[in-house]
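Before any comments, here is the structure.
Labels below follow one simple rule: chain letters A, B, ... track the order of the sequence lines, proteins then strands, and each chain is numbered from 1.
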2 protein chains.
Amino acid sequence: MGATKTTLFTKEQNDLALMAKAIAHPARIAILQHIVQTNTCICGDLVEELGLAQPTISQHLKELKNVNLIEGIIEGNSVCYCINKETWAAFRKFLNAFFVPVKINKKCC
Amino acid sequence: MGATKTTLFTKEQNDLALMAKAIAHPARIAILQHIVQTNTCICGDLVEELGLAQPTISQHLKELKNVNLIEGIIEGNSVCYCINKETWAAFRKFLNAFFVPVKINKKCC
DNA sequence: ATTTATTATTGTAATTTTGCAATATCTAAT
DNA sequence: ATTAGATATTGCAAAATTACAATAATAAAT
């Protein structure tokens, strides 16, 4: 007990849950917004922007990398992150498909 | 340590993270899909549909109720759940707005 | 009033997540 | 080679999440 029983669900359901989990933290939302806004990528100014410690930011970046939402490129002695447009678009697509407008529904049963 | 530092972020960022967290579990994805598909609501057949114990389902339903994604109406000695269309549409809107297509971006920096 | 059926709550254990200090790694510059 | 600047990794503590057995609560039927 304590671990999600992924075997009970379809790949689609597990994947969607993982997508949601990737952005289920305000720091990761803020990081993504920052990268999107500053068209040109960033690096360590995230540590100053958000008020979190460097290892914490690094960990959140890692999680975003793990789901391929961002990519990091070494630039001198710092690292430059950018959005992976394909994954970004895929997230949009799948989440949008999930929240397809509900039709018939006259207040239950 | 262990608790999200919500005070560092804007209301929008925290709200978006909460929306994502609400669907960041395959069981809750499955529950929502089931309610949407069976236009007429459900009740305890979720326990059979998914392979989770009744208290576990009840707990997931509670979380979905907490963010107003679903509503429950007492029907005899069972409970009938349905989608809250307003919240559903709001989730769609905000997530869609977040994942707005990324423009300029020629592979980093 | 009792029984039956269904859902909610409580309590608990395992796991995961969050956050950071300390440290390691890596690159550029001296 | 050493140093300086920046990011990643490790290890740990606190908190949150997931899952369920046991139990309570609630409503219908007998």
Using 0.5 Å steps for rounding, measure from the CG atom of B:Leu52 to the NZ atom of A:Lys5.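 The NZ atom of A:Lys5 is 6.5 Å from CG of B:Leu52, to the nearest 0.5 Å.
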Please round to the nearest 0.5 Å and tell me the distance separating atom OH of A:Tyr81 and atom CD1 of A:Ile73.
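Nearest 0.5 Å value for the OH-CD1 distance: 11.0 Å.
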Got a list of side-chain donor-acceptor pairs under 3.5 Å for residues 54-61 of chain B, not counting sequence neighbours?
from    : atom 1 : to      : atom 2 : distance (Å)
B:His60 : ND1    : B:Arg28 : NH1    : 2.9

side-chain contact (heavy atoms from CB on, under 4.5 Å) with [X]: which residues, sequence neighbours excluded?
| X | result |
| --- | --- |
| B:Lys62 | B:Asn66 |
| A:Asn68 | A:Asn84, A:Thr87 |
| A:Asn77 | none |
| B:Lys93 | none |

Its contact letters, B for base, S for sugar-phosphate only and - for none at protein heavy atoms under 4.0 Å, make nucleotides 1-13 of chain D read ----BSBBB----
Worksheet item: Which salt bridge (charged side-chain N to carboxylate O under 4.0 Å, His left out) pairs, counting each pair once, include a residue from residues 48-61 of chain B, with sequence neighbours left out?
Response: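 Matches after skipping sequence neighbours: none remain.
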Item to complete: Starting from the 5' end of DNA chain C, give me the residue, A:Ala3 or B:Thr6, whose nearest nucleotide shows up first.
Response: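 The residue mapped nearer the 5' terminus is A:Ala3.
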key: ring-ring contact (aromatic ring centres under 6.0 Å, His included) partners of A:Phe91, counting only residues at least two apart   =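 Listed in chain order: B:Phe99.
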Heavy atoms of chain A, cut-off under 4.0 Å: which first and last nucleotide of DNA chain C, 5' to 3', fall inside that, if you could look?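 With heavy atoms of chain A under 4.0 Å away, the range is C:dA14 to C:dA28.
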*Give B:Ile57 one of three labels, base, sugar-phosphate or nothing, depending on what nucleic acid heavy atoms sit under 4.0 Å from its own.*
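Answer is nothing: B:Ile57 stays at 4.0 Å or more from every strand.
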N/O donor to acceptor pairs below 3.5 angstrom from side-chain atoms of residues 12-24 of chain B, sequence neighbours left out:
from    : atom 1 : to      : atom 2 : distance (Å)
B:Gln13 : OE1    : B:Thr10 : N      : 3.0
B:Gln13 : OE1    : B:Thr10 : OG1    : 3.4
B:Gln13 : NE2    : A:Gln33 : OE1    : 2.8
B:Asn14 : ND2    : B:Thr6  : O      : 3.0
B:Asn14 : ND2    : B:Thr10 : O      : 3.2
B:Asp15 : OD2    : B:Lys11 : NZ     : 2.8

* To do: Mind listing the residues from residues 17-31 of chain B sitting with a heavy atom below 4.0 Å of DNA chain C? Number order is fine.
  =>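 Per residue number, the list is empty: none.
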Whole angstrom value for the distance that separates P of D:dC20 from CG of B:Leu46 =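 In whole Å, D:dC20 P lies 14 Å from B:Leu46 CG.
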